[in-house]
Amino acid sequence: MFSLIAPLFQRLYDETGLNFIIFYDRYEYDRFVSGIAISLQLIFWSILLSLVIGVLGAWVQTSRSRLLRGVVNGYIQLFRNTPPLIQLLFFYFGLGAFTPQVDMGGYYEPLISSFAWAILSLGIFGGAFNVEIFRSGIEAVPKSTAEAAESLCFSRWQTYAYITLPLAFRISLPALTNNLVSLAKTTSLAYVISVPEMTYTLNQVWSDNINVPEMMLVLFLFYVIIVSLIAAGLHWLEKRLALPGYGR
Amino acid sequence: MPLVEVHDVHKSFGDLEVLKGVSFDVRQGEVVCIIGPSGSGKSTLIRCINGLNNIQQGSIKVEGQEVNDPNLNLLELRKKVGIVFQQYNLFPHKTALENVMMAPVKVLKEPKKEVEERARALIAKVRLGGKEDVYPGHLSGGQQQRVAIARSLAMRPDVMLFDEVTAALDPETVKEVLLTIKELAAEGMTCILVTHEMGFAREVADHVYFTDRGVIVEHGPPEELFTRAKDERTQRFLSQVV
Ligand SMILES: Nc1ncnc2c1ncn2[C@@H]1O[C@H](COP(=O)(O)OP(=O)(O)OP(=O)(O)O)[C@@H](O)[C@H]1O
Ligand SMILES: [Mg+2]
């Protein structure tokens, strides 16, 4: 791949001065590829964590315990009503200060890396929205359908897992798509706690090479492509899971 | 011993007392119909029998097992008691066959192959052979209701509860559903039916109960109740619906 595009971008630079160094310089190219990998991992794990939190939180919201419901409500309010940037900083610098350091043979590293903090923080942030999204999906599932399952000996948890959740998930998908796309974009904030994802990486590249406009363009395109892919994937899922005979 | 014994059942929703001391017995293989005006508590009564509603006072026993017991194993009760609702309530994301197979496979953990054989036989029995892989959204109301009946039967219940199962159907498909229930009754299934189909009640019931405002006003064999009702309220109700 690299050897294929390198001459092209080298010539572009020589002839026009447009410096896409990440496409012709081996060192910068490797930095760029690793930035992509870290960004994709960050997006993947944050989304996964936010979904797990969403499912469990929505399940708690249907529980009979007022205390548990109150705790989840507090969590939702807190994380929906504060900027994700502040949350990241709070997790990394606030909570990070209290986590133990591990002896790595001579030098010390924090038990939880900035990458792990970013996943935690972003997952929890996105999860707060997912709880609400799944909860309204669950509310839209007819109570009588769940009741039919209970009459067929399904336990409360089985009813949730086999009936309510699959139906609520389908109902929630459009809103979920919006939130997950938004979460994917928000992962770029991990830049402030030095997670070497795309934004952070390109920022380093343009600091070293003074080619801000070119790298900005790459950064833009990167997010356009990622977001389009996620949205397309979820729309495909939406179509695939559409309930036969219930056209929407 | 009766299969289902309902004794002096009281049930309230908040301040509203819906059942005010209802008692009746259903013997093995018996078909019992409950009729009465809207709001008289028929659905509530039938839902109490499989524990969907709890009761405040009285006793309901299914095969000797007290339903009004805080330590009751609901799963054991519901294995014995099948229920079919007015709004079929099929699982819309599962095919007809999957609807029927789901509870025995997922809940009772029975071997899938065995359940599938039984499910296919049940679907054929409710005259829906060929519709196994069709989703509920593509079935008519009557067809969905028959899948719901097959789904309940797949759990091999000892008694079946039917709550106005034809009320939401158009007249064309009512017949198919009633036919299915009639066959079931003829095979000796114990049935408790809430229905507005008086002709049907008269035909299949061994015993008919007329309820009004939370009490059983009058009961008896269908011939007697439908032709020689003693209570004025029963007479008025019957003259309105027939
Ligand atoms: N979950 C509930 N909460 C509060 N009130 C209820 C509830 N379920 C039923 N009721 C009330 O209890 C009364 C009896 O209702 P029920 O559904 O048992 O009547 P029904 O005889 O089945 O009527 P229908 O023929 O219209 O189905 C009604 O006044 C109804 O509004
Ligand atoms: Mg009713």
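Predicted model only: the values in this text are computed from it and were never measured. Side chains are part of it too, since the values below use all heavy atoms of this structure and drop only hydrogens, waters and symmetry mates. Residue numbers begin at 1 in each chain, while the letters A, B, ... track the order of the sequences.
Residues of residues 36-65 of chain B that come closer than 4.5 Å to chain A, counting heavy atoms only, are B:Arg47, B:Asn50, B:Leu52, ordered by residue number. Taking non-hydrogen atoms and a 4.5 Å limit, the residue list of residues 227-237 of chain A in contact with chain B is empty.
Within the 4.5 angstrom heavy-atom criterion, no atom of A:Ala146 approaches chain B. In this structure, chain B has heavy atoms under 4.5 Å from both the backbone and the side chain of A:Glu150. Looking at B:Leu77, there are no atoms closer than 4.5 Å to chain A (heavy atoms on both sides), in backbone or side chain. For A:Leu167, the part sitting under 4.5 Å from any heavy atom of chain B is the side chain, from C-beta outward, and nothing else.
Side chains of A:Tyr92 and A:Ser194: no donor on one and acceptor on the other come within 3.5 Å. Under the 3.5 Å distance criterion, with hydrogens and angles disregarded, a donor-acceptor pair is assigned to the side chains of B:Asp170 and B:Thr173.
Between A:Tyr75 and A:Phe79, the ring-plane angle classifies as tilted under the 30° and 60° cut-offs. Classified by interplanar angle (parallel below 30°, tilted 30° to 60°, perpendicular above 60°), the ring pair A:Phe154/B:Phe91 is perpendicular. Ring geometry for B:Phe24 against B:Tyr209 counts as tilted: the plane angle lies between 30° and 60°, on a 0 to 90° scale.
Under a 3.5 Å cut-off, the side chain of A:Gln41 and the backbone N or O of A:Ile36 do not form any donor-acceptor pair. Proximity of a side-chain donor or acceptor of A:Arg170 to a complementary backbone N or O of A:Pro166 within less than 3.5 Å is detected. No donor-acceptor distance shorter than 3.5 angstrom exists from the side chain of B:Asp158 to the backbone of B:Thr190, with no hydrogens or angles considered. Between the side chain of B:Glu132 and the main chain of B:Arg120, no donor-acceptor pair closer than 3.5 Å is present. In terms of modelled atom types and a separation under 3.5 Å, the side chain of A:Ser113 and the main chain of A:Ala116 share a donor-acceptor contact.
B:Phe13 has its side chain within reach of B:Val18: a pair of non-hydrogen atoms, C-beta onward, lies under 4.5 Å apart.
For the options B:Lys79, B:His138, B:His93, heavy-atom pairs under 4.5 Å to chain A are most numerous at B:His93. Taking chain A as the reference chain and counting heavy-atom pairs below 4.5 Å, the highest number among B:Leu75, B:Val81, B:Leu74 is found for B:Leu75.
Nearest heavy-atom pair across A:Ser50 and A:Asn130 is OG-ND2, 3.0 Å.
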